[in-house]
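Working notes, structure below.
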Amino acid sequence: MKKKNNFRTIWGWLVVLTAGFLLYGSFAALNLDHTRYFLLFIAAGVLAEMLAVPFPLGRVSGSMALFLAVALVYGLPAAWWVGFWAILLGQGIFNRGDSLRTVLFNAAQQVLSLAAGGWVLGMVTGVDTAGVLAASWPLWRTIAGLVLFMLAQQAANHLLVYIYGAPAGASRRYCTWRDALRWDGLVCLFAFPFGLVMALVYRQVSPLAGLSLFIPVLVMQRLMGLYLGAEMTSREMAVFYRVVKRLAGAPASTGTAALLLQEISQLVPYQTGVVYLIDETGDDYTAVTVQGAWQKQFAHTSIKNAGDFLLQVLHNNQPEIIFDTRSDPRLVRRTGITAVCRSLLLAPLAVDGRPVGLMVLGHRQPLYFDQRELQLVSLLAGQASQALTLSFLRYNLEKCQRTDRLTGLLNGPAFQEQAARWLEEAREKQQEMLLLRLDIDGLAALNNRFGYQAGDRALAGAAAVLEMLRPPGSLAGRAGGDEFWLLWPDPPAGRVLPWVHSLQAAVREEVLVQEGIPRQVRLSAGGAFFPAVAADFASLIRAAGRALEEAKNSARERVVIRE
């Protein structure tokens, strides 16, 4: 992405410098006695740029009729100067989020495309633009010369803009360069004839009469704007519908987030997109998917290290545009994505009204996003939130099916299913595994004397200690009744018994008080190693069960490990 941006920058400034040399070299050819008319043409060009019809790959303007009229009346150098200043002032004053470099490029490429048209006209006919109307040619030859000028000018214009815009990836699914060519062709169908008529009336009647013919061009430009707006909305909604259908079928929360960024780029292009989702602890929001220029930088970030401002937006649960992070008073300390992107579009993701995530779209160019794009992103974020709701419901349902309600550990079937997979992997890797079966001593007597609530408290307390102390990478579950299971891959030599004793001591400290009588919860343990003692999971369970039975028959809090 950096190489592409560098190429775009070099190409843009190369075009600007080339146009600058042309303007500098042609200044001596200007007839400054007509300056007031040049200024009128520039003013009309600024008005045309103000009313220009924007679309995703550029804008449609009838100002070409003005530049053609100037070229036919005063010559090509005058058209260069009028075109350059009309576009520079028009797009600079009535800016639609373009950077200064882009505005300069647009003005410069107009100079070069007019120069290309004039060069082709001179090569074919032997006269310049100012001599076309003065030449004593048949009408068809004059028209043919102007058509050549128009085709060369448009070809150069699209080539310059395509090379400048293509590396930036400024394309959307519902708008292609073929569309841009077609719409510019429609503009030429009425702009060039009006430019020719303007030049004839300007020379034969009066300058003001010629300029007044530009009014119909502006009217046609306005009508084309309505047409393009309707067509863009229709295409946009078609893509939006397809995106919504795909989001509705997203398989999981992370899949929904990745699909959301992938699809939304077709409607709202961005340089970097990040989706933060709440983690399992519920304490932080981490980046689950990142796409774009700074993918590596933000792949493992969280909202905490991306800036407190993002956390504020998330808690407000309202979409928002930051037009320029450098001028927003809330971003005095810019960190994370707010430090590298000038424009931000933020859309919270919520489940049942509770914020569970935040989508952040960023671009280095200020004033890049607009309210229409915010509305589109908000609608898609709402659809993604529905998909996330289903994902969270499926996740919670699966968790309930696999989790013991009382202790929060894996239940027996879920533990056996996952443990069997671990043993198959351990067999392939020739890895050692230890299965421990842990049993609460005297739970039945505790239930009979103090009631089942006391027994439940003993089970929950022992499970909490087991979950807190279990070795990293191990698997814990409740087999049922008063028994817990722990599967420990590659336990360190000489560390098993000390760990079990520390677990028993910690559980013993969980004091159960009932009817004023303190009761200590005690654990007995039996274990067996795979593959030394048992070659499969069923045999391993039986071997650990025999070890546990031996431990309980001996005394309380005994540990028996079969190696």
Side-chain angles (χ1 to χ4, degrees), residues 12 15-16 19-20 22-23 26-27 30-32 34-55 58-115 117 129 153-154 157 160-161 164 183-184 187-188 190-192 194-199 201-202 206-226 228-229 367 370:
V15 170
V16 171
L22 283 178
L23 291 173
S26 66
F27 183 77
L30 293 178
N31 187 348
L32 298 182
H34 301 293
T35 300
R36 66 174 182 266
Y37 297 120
F38 295 160
L39 293 177
L40 285 175
F41 276 108
I42 291 174
V46 170
L47 180 62
E49 291 301 318
M50 180 184 70
L51 301 176
V53 181
F55 64 97
R59 67 188 77 201
V60 172
S61 172
S63 59
M64 191 57 216
L66 286 173
F67 307 149
L68 176 62
V70 175
L72 293 175
V73 175
Y74 295 110
L76 206 55
W80 295 346
W81 281 92
V82 169
F84 179 82
W85 284 109
I87 292 178
L88 185 64
L89 294 176
Q91 296 185 15
I93 296 173
F94 304 101
N95 194 280
R96 290 183 171 88
D98 292 330
S99 63
L100 176 61
R101 185 183 68 193
T102 300
V103 173
L104 281 171
F105 174 84
N106 290 338
Q109 63 86 17
Q110 190 65 59
V111 174
L112 296 187
S113 61
L114 286 170
T129 54
Q153 186 273 334
Q154 285 295 307
N157 176 58
L160 292 170
V161 174
Y164 182 73
W183 293 328
D184 271 351
V187 172
C188 290
F190 70 86
F192 273 84
F194 269 99
L196 175 59
V197 174
M198 284 175 61
V201 174
Y202 190 94
S206 69
L208 291 179
L211 277 170
S212 65
L213 292 176
F214 188 59
I215 296 175
V217 176
L218 294 178
V219 173
M220 291 296 294
Q221 181 175 304
R222 177 58 180 166
L223 293 176
M224 177 163 280
L226 296 176
L228 283 182
L367 303 173
D370 57 28

According to side chain to side chain donor-acceptor pair (under 3.5 Å), who are the partners of [X], at least two apart in sequence or on a separate chain?
| X | value |
| --- | --- |
| Ser61 | Glu49, Ser63 |
| Trp85 | none |
| Gln110 | none |

Which heavy atom of [X] sits nearest to which heavy atom of [Y], and what is that distance?
| X | Y | value |
| --- | --- | --- |
| Ala69 | Gly195 | CB-O, 3.7 Å |
| Leu22 | Ala115 | CD1-CB, 4.1 Å |
| Phe105 | Gly12 | CD1-CA, 3.8 Å |
| Leu160 | Val15 | CD2-CG2, 4.2 Å |

Show every donor-acceptor pair shorter than 3.5 Å between a side-chain atom in residues 209-223 and any protein atom, with sequence neighbours excluded, or say none if there are none.
residue, atom, partner, partner atom, Å
Ser212, OG, Ala209, O, 2.5
Gln221, OE1, Gly62, N, 2.6
Gln221, NE2, Ala48, O, 3.0
Gln221, NE2, Leu51, O, 2.8

Trace of the side-chain contact (heavy atoms from CB on, under 4.5 Å) decision for Leu114 with Met64: CA-CA 10 Å; Leu114 286 170; Met64 191 57 216; 3.4 Å; yes
Measuring from [X]:[atom1] to [Y]:[atom2], what's the distance to the nearest 0.5 Å?
| X | Y | atom1 | atom2 | answer |
| --- | --- | --- | --- | --- |
| Phe84 | Ile42 | CZ | CD1 | 10.5 Å |
| Leu112 | Trp80 | CG | CH2 | 9.0 Å |
| Leu30 | Leu23 | CG | CG | 9.0 Å |

Residue list, side chain to side chain contact (heavy atoms under 4.5 Å, CB included) with Val16, at least two apart or on another chain: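 For Val16 the side chain to side chain contact (heavy atoms under 4.5 Å, CB included) partners, ignoring immediate neighbours, are Trp13, Leu104, Ala108.
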Residue list, ring pair (Phe, Tyr, Trp, His ring centres under 6.0 Å) with Tyr74, at least two apart or on another chain: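 His34, Phe38, Tyr202.
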Phe41/Phe67 under side-chain contact (heavy atoms from CB on, under 4.5 Å): CA gap, chis, key distance, verdict: CA-CA 8 Å; Phe41 276 108; Phe67 307 149; over 6 Å; no
Val82: which of Leu39, Val70, Leu40, Leu66 passes side-chain contact (heavy atoms from CB on, under 4.5 Å):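 For Val82, the side-chain contact (heavy atoms from CB on, under 4.5 Å) test succeeds with only one of Leu39, Val70, Leu40, Leu66, which is Val70.
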